[in-house]
Amino acid sequence: MFKSPRPVLNHIFAFPPNRDTLGGTAYFIVENGAGVLIDCPVWNDGTHQFLRDHGGVSCLFITHRGGIGKAQQIQDAFGCNLVIQEQEAYLLKSAQATSFEQELAISDHCTAIWTPGHSPGSACLYRSSDG
């Protein structure tokens, strides 16, 4: 059964917790006709359709190793850029991943930043308010 993501801010949606990511919540930012997906939501037909209906995924940003979930399937479905901090990139053996060391601009308004966390490659996404 598909549980629709809920809007949390203007153009930002939160997906229900995902067992593949140990109960983590994925977020989706809709900007400029495509979206930035933060970590992996439950991957099913309903999620695929929701993302497609909202412009698709241009970038899948993984915040830490626990957020990987079905990253490969999402990348295959949307042909999106998959971004992960370099210390976690080895976990995505078959994916085409873009890794970064300190910071990486992933869209006009979003920047990936390596931060302290519970895994070596923990990272956060900064979104400027003008996006």
Side-chain angles (χ1 to χ4, degrees):
M1 172 178 228
F2 175 68
K3 291 185 180 179
S4 186
R6 62 181 169 76
V8 291
L9 291 171
N10 194 25
H11 304 291
I12 300 177
F13 298 88
F15 284 87
N18 178 3
R19 290 180 192 210
D20 287 340
T21 60
L22 301 175
T25 298
Y27 295 89
F28 184 59
I29 301 170
V30 178
E31 67 176 34
N32 301 328
V36 176
L37 185 59
I38 304 166
D39 291 335
C40 292
V42 170
W43 188 239
N44 58 31
D45 291 339
T47 299
H48 189 191
Q49 185 66 48
F50 176 86
L51 294 170
R52 190 173 37 224
D53 289 349
H54 286 84
V57 178
S58 60
C59 179
L60 170 54
F61 171 63
I62 304 296
T63 62
H64 65 292
R65 64 185 61 210
I68 291 173
K70 304 283 191 244
Q72 179 67 63
Q73 290 91 329
I74 295 169
Q75 185 179 49
D76 291 345
F78 289 100
C80 60
N81 189 18
L82 200 159
V83 175
I84 190 166
Q85 204 280 334
E86 66 183 8
Q87 295 180 78
E88 314 270 285
Y90 75 95
L91 297 166
L92 296 167
K93 294 173 180 60
S94 59
Q96 293 282 111
T98 299
S99 62
F100 67 98
E101 183 181 0
Q102 297 286 332
E103 290 186 9
L104 178 69
I106 59 175
S107 76
D108 290 343
H109 304 286
C110 295
T111 302
I113 304 169
W114 180 40
T115 58
H118 71 276
S119 70
S122 291
C124 293
L125 182 117
Y126 172 76
R127 181 174 185 258
S128 64
S129 62
D130 57 346

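Any value given below was found using the heavy atoms of this structure, including those in side chains, with hydrogens, waters and symmetry copies removed.
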Is the side chain of Thr25 donor-acceptor paired with the backbone N or O of Pro17 at a distance under 3.5 Å, no angle test?
no

Residues Pro41 and Ala26: closest non-hydrogen pair is N-CB, 3.5 Å

Is it true that a side-chain atom of Gln85 and a backbone atom of Glu101 form a donor plus acceptor pair closer than 3.5 Å?
yes

Treat each ILVMFWY residue as a node, draw an edge where side-chain heavy atoms are under 4.5 Å apart, and state whether Val36 and Phe13 are in one component.
no

How far apart are the closest heavy atoms of Ala14 and Val8, and which atoms are they?
CB-CG1, 3.7 Å

Which atom pair, heavy atoms only, marks the closest approach of Ile62 to Gly67?
CD1-O, 3.6 Å

Nearest heavy atoms of Arg65 and Pro120, plus distance in Å
NH2-CD, 3.6 Å

Below 30° counts as parallel, above 60° as perpendicular, anything between as tilted: where do the rings of Phe15 and Phe28 land?
perpendicular

side-chain contact (heavy atoms from CB on, under 4.5 Å) between Thr63 and Leu125, intermediate numbers included:
CA-CA 8 Å; Thr63 62; Leu125 182 117; 5.9 Å; no

In Å and rounded to the nearest 0.5 Å, what is the NE2 to CZ distance from His11 to Arg127?
7.5 Å

Carefully, step by step, assess Leu9 and Tyr27 under the rule side-chain contact (heavy atoms from CB on, under 4.5 Å).
CA-CA 11 Å; Leu9 291 171; Tyr27 295 89; over 6 Å; no

Please determine, by modelled atom types, if Asp45 and Gln49 share a side-chain donor-acceptor pair under 3.5 angstrom.
no

Step-by-step side-chain contact (heavy atoms from CB on, under 4.5 Å) determination, Ile106 to Asn81:
CA-CA 9 Å; Ile106 59 175; Asn81 189 18; 5.6 Å; no

Rounded distance [0.5 Å steps], OG1 in Thr47 versus NZ in Lys70:
12.0 Å

Would one find more than 12 heavy atoms of other residues, nucleotides or ligands at under 6.0 Å from atom CD of Gln73?
yes

Shortest non-hydrogen pair, Cys110 vs Glu31, comes out as SG-OE1, 3.9 Å

Single hit among Ser119, Ser122, Ser99 for side chain to side chain donor-acceptor pair (under 3.5 Å) with Glu88
Ser119

Hydrophobic cluster membership, with links at side-chain heavy-atom distances under 4.5 Å among I/L/V/M/F/W/Y: are Tyr90 and Leu92 in one?
yes

Hey, is the main chain of Ala71 close enough, under 3.5 Å, to the side chain of Trp43 for a donor-acceptor pair?
no

Report yes if some heavy atom in the side chain of Val42 is under 4.5 Å from a heavy atom in the side chain of Pro16; otherwise report no.
no

As an exercise, state the distance from CD of Gln102 to CD of Glu86, rounded to the nearest 0.5 Å.
8.0 Å

Verify the cluster assignment for Phe100 and Ile84: are they in a single hydrophobic cluster under the rule of side-chain heavy atoms below 4.5 Å apart?
no

What's the verdict on side-chain contact (heavy atoms from CB on, under 4.5 Å) for Cys40 and Ile74, showing C-alpha distance, side-chain angles and the deciding distance?
CA-CA 8 Å; Cys40 292; Ile74 295 169; 3.8 Å; yes

Could you tell me whether a side-chain N or O of Gln75 sits under 3.5 Å from a main-chain N or O of Gln96, the two making a donor and an acceptor?
yes

Please answer whether the main-chain N or O of Gly24 pairs with a side-chain N or O of Asn18 as donor and acceptor at a distance below 3.5 Å.
no

Linking I/L/V/M/F/W/Y whenever any side-chain heavy atoms sit under 4.5 Å apart, do Trp114 and Phe61 land together?
yes

Here the gap from Leu51 atom CG to Leu60 atom CG, rounded to the nearest 0.5 Å, amounts to 10.0 Å

Interatomic distance, Thr115 atom OG1 to His64 atom NE2 [nearest 0.5 angstrom]:
10.5 Å

Which distance, rounded to the nearest 0.5 Å, do you find between the CG of Asn44 and the CZ of Phe50?
12.5 Å

Same cluster for Ile68 and Phe78 if Ile/Leu/Val/Met/Phe/Trp/Tyr side chains link at under 4.5 Å?
yes

